[in-house]
Amino acid sequence: MHRKSCFRAATRLYSYLDGEIRAIRRIRIRLHLRRCLNCERAFHFEKRLRRFIRERARVDAPPEVVERIRRLIRERNS
């Protein structure tokens, strides 16, 4: 595949995944991904990585932080 079209697809990958690009660019990227195995692999990797992070990368706040937030909320509501 042509380097320039790969570069354009790569620079718009995150906007594409976030649904933040116009329909015509979305179609162009889809067509490029169908023709370019390297870009398609990168796209699927990023898509899987985002899903993994969304599903598994959760961090619980320390109890003292939770308590402090609750206290601040109570103070503000009183």
Side-chain angles (χ1 to χ4, degrees):
M1 192 61 11
H2 190 280
R3 281 182 176 207
K4 192 173 182 180
S5 60
C6 290
F7 179 78
R8 278 195 305 260
T11 59
R12 295 180 177 135
L13 180 62
Y14 296 107
S15 297
Y16 178 86
L17 287 168
D18 293 337
E20 298 174 343
I21 58 174
R22 296 179 301 154
I24 191 71
R25 282 204 173 136
R26 193 166 192 75
I27 291 167
R28 286 181 185 152
I29 291 173
R30 271 193 218 133
L31 289 172
H32 178 80
L33 294 175
R34 287 183 189 156
R35 293 186 215 138
C36 181
L37 186 58
N38 289 332
C39 288
E40 182 186 33
R41 286 180 183 153
F43 168 77
H44 287 295
F45 172 81
E46 290 296 333
K47 192 174 179 179
R48 287 191 311 271
L49 178 61
R50 283 177 168 221
R51 184 178 16 203
F52 176 84
I53 292 170
R54 185 176 53 249
E55 292 172 356
R56 294 181 181 92
R58 296 189 181 177
V59 177
D60 293 329
E64 59 272 9
V65 172
V66 173
E67 184 51 42
R68 182 170 184 218
I69 292 170
R70 286 183 179 147
R71 184 171 32 87
L72 291 168
I73 291 171
R74 284 192 302 270
E75 289 171 4
R76 187 172 191 149
N77 290 333
S78 356

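Under a cut-off of 6.0 angstrom, the local environment of CZ in R25 is sparse, with at most 12 non-hydrogen atoms contributed by other residues, nucleotides or ligands. Surrounding CZ of R71 are more than 12 heavy atoms belonging to other residues, nucleotides or ligands, all under 6.0 Å away.
When all heavy atoms of L13 and A42 are compared, the closest pair comes out as CD2-O, 4.4 Å. Here the closest heavy-atom approach between residue H32 and residue C39 is recorded as NE2-SG, 3.2 Å.
Note on R74 versus E67: salt bridge recorded, some NZ/NE/NH1/NH2 to OD/OE distance being below 4.0 Å.
Taking CG of L33 as the start and CZ of R41 as the end, the distance is 13.0 Å to the nearest 0.5 Å. Interatomic distance, R12 CZ to R26 CZ, rounded to the nearest 0.5 Å: 13.0 Å.
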**OP:** Could you please spell out the steps behind the side chain to side chain contact (heavy atoms under 4.5 Å, CB included) verdict for R30 and Y16?
**Re:** CA-CA 9 Å; R30 271 193 218 133; Y16 178 86; 3.1 Å; yes
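Between Y14 and R50, some side-chain heavy-atom pair lies under the 4.5 Å cut-off.
Both L17 and I29 sit in one connected hydrophobic cluster of ILVMFWY residues. Membership requires side-chain heavy atoms under 4.5 Å apart, directly or through other members.
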